[in-house]
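Protein chains get the first letters and strands the later ones, always in sequence-line order, with residue 1 at the start of each.
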Protein chains: 2
Amino acid sequence: MRRLKRRGFLLQEGEVCRSYIYVVEGCMRMYEVDENGVEHNLQFAQENEWIVDIGSFHTEKPSSLFIEALEACVVVCIEHADLLHLYTQHPKFDRNFRVIIEDLFVELQQRLLRRNASSAEQRYAHFVQHHPGLAARVPNVHVASYLGVTPEFLSRLRAKTSKRG
Amino acid sequence: MRRLKRRGFLLQEGEVCRSYIYVVEGCMRMYEVDENGVEHNLQFAQENEWIVDIGSFHTEKPSSLFIEALEACVVVCIEHADLLHLYTQHPKFDRNFRVIIEDLFVELQQRLLRRNASSAEQRYAHFVQHHPGLAARVPNVHVASYLGVTPEFLSRLRAKTSKRG
DNA sequence: AAATGACCTTGATCCAGATCAAGGCTTCAG
DNA sequence: CTGAAGCCTTGATCTGGATCAAGGTCATTT
């Protein structure tokens, strides 16, 4: 159990991601900063969701991602060694974490397909429908980055959408 | 062990994906067809790689994807029931398949980030660098779809790139 | 050998979404 | 209260990549 204030980081570029983070309360995001200094949100995590740079976690190599609290948060961090211990002592954890990842994987595939097959407007509509909580909770700047558009363009989409009904 | 000829399907939209497919020889692709009839390649699989619609496989619900042989192929299909059996009899399989998915997941995250952070030209350069085999083996139409651009535009990128050296 | 179809290219034009610039509204620290 | 930062919006302009159209090459079929 760990408390974090708004803008607090649990991971920064260059560090190794040493824990699986389970969000008990609050909202976090994971993002990358590109060579031009632009941020790209990869994932949000709200109550009862996991957030982790799995690549860095397993290889124990430096991450290229940031994990930041968007609000004051309460999280549980499962350390690398502890998780390995769980895995080997209780094979059920292998199973459970396999299933967790599989679900995340499927979701990610769908997102990539949508990114290639749908317009920004469709992607935003989908986001609002499937994550109404996040859409209300997170600044639109971050939603835009998550969807792969600029905040200006998202603003125009919103204006258009709300005019319609 | 199963033989497939070019253009053969192991999964079509509407069917349930009943097996994990391991490619022994040849090359396959998995794709979705959008409401306008346009194909979007999600994944390729060459020798010693896996291909499966994990979502459909686990939920046993109809898939929205196609898995098609791009050449004559030899594959091994692991059926749903057999895999569950392996999982419960030999917990190591949970572990192994967890690790396989984790790696795929990381790769997919990277792809999504690149899709949002890089230009088509950069994405193509990355593809050629990291999958020289595929770039040589697969028609450019399919590479374009995988990268999320039109074949015409990819053709122009290639013309530009080769001019430079 | 002609015909079909798969694949690649090139030109002309168009548009979704980016960029640049400015202003306005909140919130919150000093 | 005041200033600064964070966030959203709107307008003007630009551009990466799409679309439409045509032609060219090669391999396979008949």
*Establish, yes or no, whether the cationic atom of A/Arg111 lies under 6.0 Å from the six-membered ring centre of A/Tyr146 and within 45° of the ring axis.*
yes
_Whole-Å distance separating the CD atom of B/Glu71 from the P atom of C/dA6_ = 17 Å
*Do A/Tyr87 and A/Phe93 have their ring centres less than 6.0 Å from each other?*
no
*What's the CD-P distance between A/Glu68 and D/dG6, to the nearest Å?*
11 Å
*Gap between atoms OH and C1', on A/Tyr124 and C/dG17 respectively (whole Å)*: 17 Å
*Is a side-chain donor or acceptor of B/Glu15 paired with a backbone partner of B/Gln12 at a separation under 3.5 angstrom?*
yes
*Protein proximity profile, nucleotides 8-20 of chain D - base contact B, sugar-phosphate-only contact S, no contact -, cut-off 4.0 Å on heavy atoms*: SBBBB----BSBB
*Is a side-chain N or O of B/Ser56 found less than 3.5 angstrom from the main chain of B/Val16, in a donor-acceptor match?*
no
*Of the non-hydrogen atoms in B/Gly133 and B/Gln46, which two are nearest, and what is the gap between them?*
C-NE2, 4.1 Å
*Whole Å only: how far is the CG atom of A/Asn41 from the C1' atom of D/dC7?*
15 Å
*State whether the side chain of B/Thr88 and the backbone N or O of B/His85 hold a donor-acceptor pair below 3.5 Å, judged by distance alone.*
yes
*Quick one: A/Leu70 CG to D/dC7 C1', roughly how many Å, whole number?*
14 Å
